[in-house]
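Below is one structure, written out as structure tokens; comments come after it.
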Amino acid sequence: QVRPVESGGGLVQAGGSLRLSCAASGRTFSTYALGWFRQAPGKDCEFVSTTSRPSGTTTSYADSVRGRFTMSRDNAKNTAYLEMNSLKAEDTAVYYCAARTGPWSVAAADYNYWGQGTQVTVSS
């Protein structure tokens with residue numbers, strides 16, 4: 001199993017940047033595809049980004065964040081990242097890191113392991 005733990009959330013002004021980290025304990029980190037999802041109050045869980053196993057060669061993004069967010073992974077550190085730029089008020093949500101024992105996917109239901117989330121608040 002992997003145990004994702006998100007960090008790096010906080011309060012930022014619109015137009016600003018934030019870097020989220022996802023530290024995932026486990027000896028087989030590189031065998032998991034990884035994803036970032038977010039959930040705003042009263043809304044469904046929304047796909048943000050995903051990257052492939054083992055080295056993150058393939059990365060996919062939701063239309064709403066493409067060009068602004070960048071996902072990466074560092075297997076030596078058992079950590080994934082989400083660089084968020086040009087943040088908008090609509091990006092305000094709890095951001096979750098997820099892992100799965102399979103290929104990369106945009107579907108939340110495909111993921112086996114989830115972190116507890118980190119709050120990102122963008123003020124306008």
Side-chain angles (χ1 to χ4, degrees):
Q1 288 188 324
V2 295
R3 303 291 187 184
V5 178
E6 304 92 340
S7 63
L11 176 64
V12 64
Q13 294 288 121
S17 299
L18 209 58
R19 176 185 172 122
L20 305 184
S21 296
C22 172
S25 62
R27 67 186 189 280
T28 56
F29 178 80
S30 65
T31 68
Y32 295 87
L34 304 170
W36 285 98
F37 296 81
R38 66 188 183 186
Q39 187 167 28
K43 297 184 179 179
D44 293 333
C45 184
E46 178 187 21
F47 166 74
V48 176
S49 183
T50 181
T51 195
S52 61
R53 61 179 184 177
S55 58
T57 302
T58 299
T59 309
S60 184
Y61 300 93
D63 290 343
S64 59
V65 307
R66 186 175 295 110
R68 300 188 297 119
F69 292 9
T70 301
M71 185 179 182
S72 61
R73 66 188 297 166
D74 186 342
N75 293 335
K77 297 181 178 179
N78 280 14
T79 303
Y81 304 95
L82 185 68
E83 294 277 357
M84 304 185 294
N85 300 310
S86 301
L87 283 162
K88 306 173 181 179
E90 307 92 85
D91 296 318
T92 295
V94 177
Y95 283 70
Y96 296 92
C97 179
R100 69 171 304 215
T101 54
W104 63 269
S105 174
V106 304
D110 286 343
Y111 288 82
N112 310 107
Y113 309 102
W114 292 79
Q116 291 185 316
T118 185
Q119 177 71 47
V120 172
T121 303
V122 183
S123 61
S124 58

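In this structure a side-chain-to-backbone donor-acceptor pair under 3.5 Å is missing from Thr50 to Ser60. Not one N or O on the side chain of Thr118 forms a donor-acceptor pair closer than 3.5 Å with the backbone of Val94. Side-chain atoms of Asn112 come within 3.5 Å of backbone atoms of Thr101 as a donor-acceptor pair (strictly under, hydrogens ignored). Judged purely by atom type and a 3.5 angstrom limit, Thr121 has no side-chain atom pairing as donor or acceptor with the backbone of Thr92.
Under the 4.5 Å side-chain heavy-atom criterion for ILVMFWY residues, a single connected hydrophobic cluster contains both Val12 and Met84. Under the 4.5 Å side-chain contact rule for hydrophobic residues, Val106 and Tyr111 share a cluster. Each of Leu20 and Tyr96 belongs to its own hydrophobic cluster when Ile, Leu, Val, Met, Phe, Trp and Tyr are linked at side-chain heavy-atom distances under 4.5 angstrom. Under the 4.5 Å side-chain heavy-atom criterion for ILVMFWY residues, a single connected hydrophobic cluster contains both Trp104 and Trp114. Transitive grouping of hydrophobic side chains (ILVMFWY, heavy atoms separated by less than 4.5 Å) brings Val122 and Val65 into a common cluster.
The CZ atom of Phe37 sits 13.0 Å away from the CG atom of Asp44 when rounded to the nearest 0.5 Å. If you take CZ on Arg53 and OG1 on Thr31, they are separated by 6.5 Å, rounding to the nearest 0.5 Å. For the atom pair OG of Ser25 and CD of Gln1, the computed distance is 9.5 Å after rounding to the nearest 0.5 Å.
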* To do: Determine, stepwise, if the pair Ser64 / Glu46 fulfils side-chain contact (heavy atoms from CB on, under 4.5 Å).
  => CA-CA 10 Å; Ser64 59; Glu46 178 187 21; 3.6 Å; yes

* To do: Take Met71 and Leu34 through the side-chain contact (heavy atoms from CB on, under 4.5 Å) test and state the conclusion after the steps.
  => CA-CA 10 Å; Met71 185 179 182; Leu34 304 170; 3.7 Å; yes

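When every heavy atom of Ala14 is checked against every heavy atom of Ser124, the shortest pair comes out as CB-CA, 4.2 Å. Between Gln116 and Glu6, the shortest heavy-atom contact is N-OE1, 3.1 Å. Heavy atoms only, all atoms of each residue included: Asn75 and Ser55 are closest at ND2-CA, 4.0 Å. Between Arg73 and Gly56, the shortest heavy-atom contact is CD-N, 3.5 Å. Pairing each heavy atom of Val2 with each of Ala99, the nearest pair is CG2-CB, 3.6 Å. Closest approach of Ser21 and Trp36 over heavy atoms only: O-CH2, 3.7 Å.
Between Phe69 and Tyr95, the angle of the ring planes lies from 30° to 60°, which puts this pair in the tilted group.
For Ser17, the side-chain hydrogen bond (donor to acceptor under 3.5 Å, both in side chains) test picks out Asn85, with sequence neighbours left out. Residues meeting the salt bridge (Lys or Arg N to Asp or Glu O under 4.0 Å) test with Asp63, sequence neighbours left out: Arg66.
By the 4.5 Å heavy-atom criterion applied to side chains, Arg38 and Val120 are not counted as neighbours.
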